[in-house]
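For reference, the structure discussed in these notes is given below.
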Amino acid sequence: MNREEIARRVPIVAAELLAEKGYIAAVDVIMRLGWLTPEAHESWRFGRVPYLEQVVTGNLSRLGFTMGELRNFAQQVGLRPSWTGYVTWGKKGRSPLRFTRSGLPELEQAYATHWLKPKA
């Protein structure tokens with residue numbers, strides 16, 4: 001999928017997720033685009049892989065562009081950002097999950113941001 005296709009698909013996927021769930025999460029967008037399988041997502045959520053980007057198919061440039069398109073869509077339609085803590089699933093306790101290899105705070109925050117409808 002090239003940048004033009006991503007720019008066309010992200011608003012469609014984001015709008016679908018907003019209608020279905022009432023919010024948009026980057027992880028859900030990535031899954032809906034077909035770059036993250038449910039099995040790979042589960043492996044990450046259970047802490048079996050060190051960071052999400054390791055199990056996402058494709059390159060980081062495409063992923064970064066997608067994240068920017070998601071943020072642009074959310075801002076254009078007036079959604080509000082809400083940081084969401086991601087922790088491991090399972091009975092062994094809750095450990096924070098990482099999204100990126102680098103662990104840069106601004107990237108981690110971008111992935112962990114859910115976009116919500118404005119408060120009424």
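- Closest of all the heavy-atom pairs between Gly78 and Pro118 is O-CG, 3.1 Å.
- Nearest heavy atom pair, residue Arg3 against residue Ser61, reads NH2-OG, 3.1 Å.
- Using a 4.5 Å heavy-atom cutoff, the side chains of Leu18 and Leu79 are in contact.
- The minimum heavy-atom distance linking Pro81 with Thr113 is given by the pair CB-CG2, 3.6 Å.
- No side-chain heavy atom of Asp28 sits less than 4.5 Å from a side-chain heavy atom of Ile24.
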Could you go through Val27 and Phe99, starting from their C-alpha distance and side-chain angles, then the distance that decides it, and tell me whether this counts as side-chain contact (heavy atoms from CB on, under 4.5 Å)?
CA-CA 9 Å; Val27 172; Phe99 294 91; 3.9 Å; yes
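- Arg32 and Glu20 get closest at one heavy-atom pair: NH2-OE1, 2.8 Å.
- Between the side chain of Trp44 and the backbone N or O of Arg98 there is at least one donor-acceptor pair closer than 3.5 Å.
- Ring geometry for Tyr86 versus His114: interplanar angle over 60°, hence perpendicular rather than tilted (30 to 60°).
- Looking only at side-chain heavy atoms (C-beta outward), Arg8 and Glu5 come within less than 4.5 Å of each other.
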Side-chain polar contacts of residues 64-74 - donor-acceptor pairs under 3.5 angstrom, sequence neighbours left out - could you list them?
residue: Thr66; atom: OG1; partner: Arg62; partner atom: O; Å: 2.8
residue: Asn72; atom: ND2; partner: Gly68; partner atom: O; Å: 3.3

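- Hydrophobic clustering, with ILVMFWY side chains joined whenever heavy atoms are under 4.5 angstrom apart, keeps Val10 apart from Tyr23.
- For Thr88 against Arg94, the heavy-atom pair with the smallest separation is O-NH1, 3.0 Å.
- Listed for the Arg45 side chain is a donor-acceptor partner under 3.5 Å among the backbone atoms of Val87.
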Below 3.5 Å, can you tabulate the donor-acceptor pairs from side chains in residues 47-55 to any protein atom, sequence neighbours excluded?
residue: Glu53; atom: OE1; partner: Arg101; partner atom: N; Å: 3.4
residue: Glu53; atom: OE2; partner: Tyr111; partner atom: OH; Å: 3.2

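- Through chains of ILVMFWY side-chain contacts below 4.5 Å, Leu104 is grouped with Leu107.
- Remark: Ile6 CD1 to Met1 CE distance equals 6.5 Å, nearest 0.5 Å.
- Both Leu36 and Leu60 belong to a single network of hydrophobic side chains, linked directly or stepwise wherever heavy atoms of I, L, V, M, F, W or Y lie under 4.5 Å apart.
- In the hydrophobic clustering of ILVMFWY residues, with side-chain heavy atoms under 4.5 Å counting as a link, Leu116 and Leu17 come out apart.
- A distance of 10.5 Å separates OG1 in Thr84 from CD in Gln109, rounded to the nearest 0.5 Å.
- The hydrophobic cluster containing Trp115 does not contain Ile12, counting ILVMFWY residues as joined when their side-chain heavy atoms lie under 4.5 angstrom apart, directly or transitively.
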